Amino acid sequence: FPLQLSRRVGQKKQRLSDAETSQILPDAARMPYPKEPCSGPHACLGPPTTTGPQRSIYFLNHPARLGSEFFDQPGAHLARAFLGQVLVRRLTDNTELRSRIVETEAYLGPEDDAAHSRGGRQTARNRGMFMKPGTLYVYTIYGMYFCLNVSSRGDGACVLLRALEPLEGLETMRRLRSTLSKGASGRAFKDHELCSGPSKLCQALAIDKSFDQRDLATDGAMWMERGPPGPEPVVVAATRVGIGCKGEWAQKLLRFYVLGNPFVSMVDRAAEQM
DNA sequence: GAACCGATTAACT
DNA sequence: GTTAATCGGTTCG
């Protein structure tokens, strides 16, 4: 069994190859980029279509998929607007994982010293940041993790998803986390450990580089739905995580999270006093 | 090519 | 609170 082999004592550590992962997992996010939003073998089970003027009364009680117009907001606005919305991931076996977005960070583009697009840098890696709002930007970090971003309005601007509150498919998320986590001591992850970090949520939702540059408004394997109506969550604005603490841009309050939500990755008590 | 390093995690004290 | 793990992407010579 490839996973066990890779853990043999003294053996050079080896990440699961795509082929190996696909043997273990029901879905390793290896679907090719769909040419059409809902083409392929499961077209008849496609995700809800974008809201539009033709929407009938039938859909008023059903989840509405967020479309390109929603993502077309300045980064900091979009980062706040994401809070409370529902991220849906459909695996290749049609299992749907649902989670509420509870923590985000905005990266504002070339002038933002903490952004990958700082100084106007545009490379093969960060191309997604420069594509139309709603385009995903997935990058590898520390050689072993992924981070998921959504392009916003503004050249080279995007929003990093940092934490989710799992709603549906928790046992699948738990299995994905255990299988993909390097520590993998066999212990079961608690609910609040499933998606409480930018790379944890990528493991829990089986998101990898194959999602880079996909369109969240039309993709068949992942989309966003308007969260259920309810009281407005209290939003905390704090400094961003992992970008150092020196410099003008490190001080800006571009991280947003739902006050009191136990699924947030890091609380900032000082920011909460404000 | 080589050197450097990171929008993190998990295990440890 | 500290630190090892781990390697693709970027930069530099």
Side-chain angles (χ1 to χ4, degrees), chain A residues 6-18 75-76 78-79 82 101 103-130 136-152 154 156-164 173-174 176-190 192-205 207-213 237-257 263-269:
Chain A
S6 73
R7 287 191 198 134
R8 287 261 174 82
V9 177
Q11 222 175 24
K12 183 175 188 296
K13 294 193 183 65
Q14 188 178 353
R15 290 184 53 82
L16 299 177
S17 72
D18 285 351
L78 185 62
F82 273 166
I101 299 172
E103 181 183 349
T104 59
E105 282 179 0
Y107 289 85
L108 299 189
E111 73 274 21
D112 184 346
D113 289 335
H116 290 170
S117 54
R118 63 186 171 278
R121 287 171 172 80
Q122 188 171 355
T123 64
R125 175 178 68 145
N126 69 7
R127 176 134 195 284
M129 297 180 85
F130 294 86
L136 301 181
Y137 167 41
V138 178
Y139 65 88
T140 312
I141 187 162
Y142 296 106
M144 48 185 153
Y145 299 119
F146 299 103
C147 287
L148 172 65
N149 302 261
V150 182
S151 177
S152 69
C158 67
V159 175
L160 170 70
L161 301 189
R162 282 198 57 92
L164 310 172
M173 295 184 202
R174 215 182 309 278
L176 283 162
R177 285 273 288 129
S178 298
T179 306
L180 296 171
S181 173
K182 195 174 65 68
S185 52
R187 75 187 177 85
F189 286 101
K190 298 186 167 121
H192 74 269
E193 297 174 312
L194 293 177
C195 302
S196 55
S199 298
K200 294 178 187 177
L201 71 88
C202 286
Q203 288 183 343
L205 303 188
I207 292 164
D208 63 19
K209 267 226 111 168
S210 71
F211 279 75
D212 188 42
Q213 296 181 23
T239 57
R240 293 173 291 182
V241 176
I243 59 169
C245 51
K246 295 188 293 289
E248 169 195 357
W249 282 91
Q251 307 295 326
K252 290 186 183 291
L253 305 180
L254 291 172
R255 182 166 71 99
F256 305 98
Y257 66 87
F263 299 91
V264 164
S265 74
M266 275 180 106
V267 299
D268 184 332
R269 296 294 175 207

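If you're wondering where the values come from, they're calculated on a predicted model, not measured in any experiment. In the text below, chain A, chain B and the rest are named by the order of the sequence lines, each starting its count at 1.
At whole-Å resolution of the value, CG in A/D212 and C1' in B/dA7 are 15 Å apart. Across the protein-nucleic acid pair, A/I141 atom CD1 and C/dA5 atom C1' stand 14 Å apart, rounded to whole Å. For A/K190 and B/dT9, the NZ to C1' distance is 16 Å, given to the nearest whole Å. Across the protein-nucleic acid pair, A/N126 atom CG and B/dA7 atom C1' stand 13 Å apart, rounded to whole Å. Protein atom CZ of A/R240 is 15 Å distant from nucleotide atom C1' of B/dG6, rounded to whole Å. Atom CG of A/L194 and atom P of B/dT9 are 13 Å apart (whole Å). Between the NZ atom of A/K200 and the C1' atom of B/dA7 there is a distance of 15 Å, given to the nearest Å. Between the OH atom of A/Y257 and the C1' atom of B/dA7 there is a distance of 17 Å, given to the nearest Å.
If you check every strand for non-hydrogen atoms under 4.0 Å, A/L160 touches a base. A/M129 comes within 4.0 angstrom of a base, heavy atoms only. A/T140 comes within 4.0 angstrom of no nucleic acid atom, judged by non-hydrogen atoms across all strands.
Along DNA chain B, the nucleotide closest to A/L148 and the one closest to A/Q203 are compared, and the more 5′ of them pairs with A/L148.
Shown here are the ring pair (Phe, Tyr, Trp, His ring centres under 6.0 Å) partners of A/F263, two or more places apart in sequence or in another chain: there are none. Annotation: side chain to side chain contact (heavy atoms under 4.5 Å, CB included) contacts of A/E111 (sequence neighbours excluded): A/L108, A/W249. Scored by the ring pair (Phe, Tyr, Trp, His ring centres under 6.0 Å) test, A/Y107 finds no partners at all (sequence neighbours excluded).
Of the candidates B/dA7, B/dA10, C/dG9, the closest approach to any side-chain atom of A/R125 belongs to C/dG9. Closest to the A/S181 side chain, of the nucleotides B/dA10, B/dA7, C/dA5, is B/dA10. Listed candidates were C/dG9, B/dA7, C/dA5. Nearest to the side chain of A/I243 is B/dA7.
Counting only Watson-Crick and G-U wobble pairs whose two distances sit under 3.5 Å, DNA chain B takes part in these stems of three or more pairs: B:1-6 with C:7-12, B:8-12 with C:1-5.
The side chain of A/R177 places an N or O atom within less than 4.0 Å of a non-bridging phosphate oxygen (OP1 or OP2) of B/dA10. The phosphate of B/dA7 (OP1 or OP2) has no side-chain N or O of A/R255 nearer than 4.0 angstrom. Distances shown here put every side-chain N or O of A/R187 at or beyond 4.0 Å from the OP1 or OP2 atom of B/dA10. Note on A/K209: a side-chain N or O is less than 4.0 Å away from OP1 or OP2 of C/dG9.
In summary, A/E193 and A/K200 do not engage in a salt bridge, as defined by a charged side-chain N under 4.0 Å from a carboxylate O.
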> Taking it one step at a time, do A/R255 and A/D268 satisfy side chain to side chain contact (heavy atoms under 4.5 Å, CB included)?
Replying inline: CA-CA 10 Å; A/R255 182 166 71 99; A/D268 184 332; 3.9 Å; yes
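Taking SG from A/C202 and CG from A/L164, the interatomic distance works out to 9.0 Å, rounded to the nearest 0.5 Å. Note that OG1 of A/T239 and CG of A/L253 are 7.0 Å apart. Values are rounded to the nearest 0.5 Å. A distance of 9.0 Å separates OH in A/Y142 from SG in A/C147, rounded to the nearest 0.5 Å. If you take CG on A/N149 and CZ on A/R162, they are separated by 11.0 Å, rounding to the nearest 0.5 Å. One finds the CG atom of A/L176 at 10.0 Å from the CD1 atom of A/I207 (value rounded to the nearest 0.5 Å). Between the OG atom in A/S196 and the CD atom in A/E103 there is a gap of 9.0 Å [rounded to 0.5 Å].
Looking at A/L136 and A/D212, their side chains never come closer than 4.5 Å, going by heavy atoms from C-beta outward.
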Protein-nucleotides 11-13 of chain C N/O pairs closer than 3.5 Å?
residue : atom : partner : partner atom : Å
C/dT11  : OP1  : A/R121  : NE           : 2.8

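Remark: the A/Y142 side chain and the C/dA5 base include no donor-acceptor N/O pair separated by less than 3.5 Å.
Within residues 105-120 of chain A, no residue has any heavy atom closer than 4.0 Å to DNA chain C.
A side-chain contact (heavy atoms from CB on, under 4.5 Å) with A/Y137 is found for one member of A/Q213, A/R125, A/R127 and no other, namely A/R125.
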